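First comes the structure, then the notes that go with it.
If you're wondering where the values come from, they're calculated on a predicted model, not measured in any experiment. Worth knowing before you read on, the calculation uses all heavy atoms, side chains too, and leaves out hydrogens, waters and symmetry mates.
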Amino acid sequence: MSVNDFIQSNRDRFLNELLDILRIPSVSADPAYKGDVLKMAEATKAAMLAAGADKAEVMETPGYPIVYGEKMVDPSKPTVLVYGHYDVQPADPVELWDSPPYEPVIKKTDIHPEGAIFARGACDDKGQFYMHVKAFEAMVQTDSLPCNVKFIIEGEEEVGSENLDNFLEANKELLKADVVLVSDTGIIANDTPSITTGLRGLSYVEVEVTGPNRDLHSGLYGGGVPNPINILCEMIASLKDEHQHITVEGFYDDVDELSAEERAEMAKAPFSEEAYKKSIGIGDVEGESGYSVPERVSIRPTLDVNGIWGGYIGKGAKTVIASKAYAKISMRLVPNQDSETITNLFQSHFEKIAPKSVSVKVTPHHGGEAAVTPTDSVAYKAASMAMEETYGKKPIPVRSGGSIPIVASFESILGLKTVLFGFGLDSDAIHSPNEHYGVFNYFQGIKTIPLFYKYFDQLKK
Ligand code: BES
Ligand code: MN
Ligand code: MN
């Protein structure tokens, strides 16, 4: 039986198995879900074994475990290391979901006429890492697996992969491979395949501004004392100038600028500003002067408030000047910027711009480095040929704005390059209510992955 026939005849089962793992709420950020995260690790191990892995293991870390599995067909053959994550983002705000986040349903949408699976983690990253498990099964069962395969599926990606670097350091021999294959990104559209060739880094901080030593009556004190919420808003507003340049001293010092040729090449990827605005319901786009929208969200660094709070936010009105105000701020970084350096620059800047009427505290959260992946490698060629065969079009290389910090670690610790072989769409609402993944995309991935193995093995010879 051919790989494609095997996939075709097991279609319903492949889909139902994905629905089953989507029912496990493996939210790494919230300790209330600890049991489910661990259950998901066990389910991942079981899935690897059922698919034909020689061995699979739930490997402990100081945080959530990493699930390792492998099948060695022949030591002289190339080895592919598949990385993915079994943890998911919290489902909040749950009331904005049209169906419960952990009760997957398949519904047709304009973009997914064949139906899409709605559930937290459907696209990021359960649906995508599971394509690898099923593609692997299809190759094993049809005796057509041409390479050795090693899986590492982790459970802390959404909280910064804090334990993965140590795991890589401690398991260099176990993880020996020729390339890392990751499906945790997307394509431009279902009729426009693309391969992600770069990711942004991340520096994430929480800030606290303290004014008076207690909450005050806003009538008795208002007008005579610093209001930390007002001051925080002013400080945040000053972090960008009228050109939307970030004002933190030294922020751009290490930024890799793209050449005019590279920018011209980027501009060839299809992009409609009108459709973009319409898809997210905005009146106009906004961003750094001198750059296009695709550039602003991929090759340029940025700074965004992710959350802001303080004072009275309950029902009705309460007249109060809060003692404290808080915000969570992310900075997306580009190649050559160092996340720790940027965090330090931010901290000094934020302390410097604080008026002496308040005190400020900056607490760094997880960060990660940007990455660029080669387009002239055997692995990229294999991925490109595989997609060209299933989509009927050569995929376009594109830089993405998201972050997968571990990609930089694969290179620095294991010396391995990564191919970002994702099949999701930006409109799949990852991290948002109503996350979904196209049924077409799921099976397209399962069909395309075996071709990657085939061409990678052929080109390696
Ligand atoms: N899979 C995403 C990253 C992504 C999505 C990259 C789509 C490119 C296209 C990943 O799970 C993610 O959400 N990463 C986080 C960073 C992490 C340190 C929490 C992010 O980008 O915010
Ligand atoms: Mn992901
Ligand atoms: Mn994510």
Side-chain angles (χ1 to χ4, degrees), residues 3-4 6-7 10-11 13-15 17-18 20-22 26 40-41 43-57 66-73 78-88 117 121-142 144-155 157 175 177-187 195-196 379 382-383 386-387 390 404 406-407 410 416 418-424 437-457:
V3 178
N4 268 340
F6 185 87
I7 296 167
N10 287 279
R11 212 181 140 88
R13 179 171 62 83
F14 282 9
L15 196 54
E17 285 177 13
L18 173 59
D20 281 340
I21 59 168
L22 289 171
S26 49
M40 183 59 209
T44 304
K45 171 187 164 180
M48 287 176 188
L49 290 173
D54 296 333
K55 64 174 191 197
E57 213 181 311
I66 292 167
V67 187
Y68 175 82
E70 66 170 42
K71 183 167 182 73
M72 303 301 285
V73 290
T79 302
V80 177
L81 179 61
V82 175
Y83 163 84
H85 61 96
Y86 65 80
D87 65 324
V88 300
I117 308 147
C123 175
D124 185 14
D125 180 41
K126 287 178 181 173
Q128 296 218 61
F129 94 70
Y130 208 67
M131 299 180 315
H132 285 271
V133 179
K134 293 299 99 178
F136 169 73
E137 176 184 328
M139 291 184 282
V140 172
Q141 295 305 324
T142 56
S144 57
L145 178 65
C147 304
N148 304 308
V149 186
K150 296 178 175 179
F151 291 99
I152 43 170
I153 309 298
E154 72 152 316
E157 197 277 342
L175 302 174
D178 294 277
V179 70
V180 183
L181 191 59
V182 179
S183 294
D184 194 23
T185 54
I187 51 174
I195 296 177
T196 302
M387 275 193 160
T390 49
I404 309 179
I406 172 72
V407 172
F410 284 132
L416 290 177
T418 295
V419 173
L420 293 162
F421 209 32
F423 294 83
Y437 191 41
V439 173
F440 167 82
N441 302 65
Y442 180 57
F443 285 104
Q444 191 75 343
I446 296 174
K447 287 178 208 158
T448 308
I449 291 164
L451 296 169
F452 169 85
Y453 283 84
K454 178 176 124 186
Y455 292 127
F456 187 58
D457 174 49

Can you tell me how far apart OG1 (Thr390) and CD (Gln444) are? Round to the nearest 0.5 Å. 4.5 Å
Sequence-distant partners of Tyr453, side-chain hydrogen bond (donor to acceptor under 3.5 Å, both in side chains), two or more places apart: none
Sequence neighbours left out, what passes salt bridge (Lys or Arg N to Asp or Glu O under 4.0 Å) with Asp178? Give chain and number order. Lys460
With under 30° as parallel and over 60° as perpendicular, where do the rings of Phe452 and Phe421 fit, or are they tilted in between? tilted
Output for pair (Glu154 CD, Ile66 CD1), nearest 0.5 Å, gives 6.0 Å
Which heavy atom of Phe456 sits nearest a heavy atom of Ala382, and at what distance? N-CB, 3.5 Å
Side chain of Asp457, backbone of Cys147: donor and acceptor closer than 3.5 Å? no
Which residues pass the side-chain hydrogen bond (donor to acceptor under 3.5 Å, both in side chains) test with Lys454, sequence neighbours left out? none
Interatomic spacing from CG in Leu416 to CG in Leu175 - rounded to 0.5 Å: 8.5 Å
Give a yes or no answer on whether the side chain of Asn441 reaches the backbone of Gly424 with a donor-acceptor pair at less than 3.5 Å. no
Side chain proximity check, Tyr83 to Ile404, heavy atoms < 4.5 angstrom: yes
Output yes when a side-chain donor or acceptor of Tyr442 lies under 3.5 Å from a complementary backbone atom of Phe14, and no otherwise. yes
Among residues two or more places apart or on two chains, list those pairs meeting side-chain hydrogen bond (donor to acceptor under 3.5 Å, both in side chains) that have a residue in residues 121-130. Glu17-Tyr130, Ser26-Lys126, His85-Asp124, Asp124-His431
Who pairs with Asn10 by side-chain hydrogen bond (donor to acceptor under 3.5 Å, both in side chains), at least two apart in sequence or on another chain? Arg13
With a 4.5 Å cut-off on side-chain heavy atoms, are Phe151 and Thr44 touching? no
Considering all heavy atoms of both residues, which atom of Ile187 and which atom of Gly422 are nearest to each other, and what is their separation? CG2-O, 3.4 Å
Taking side-chain hydrogen bond (donor to acceptor under 3.5 Å, both in side chains) as the test, write out the residues that go with Asn148, two or more places apart. Thr79
d(Met48 CE, Glu70 CD) to nearest 0.5 Å is 11.0 Å
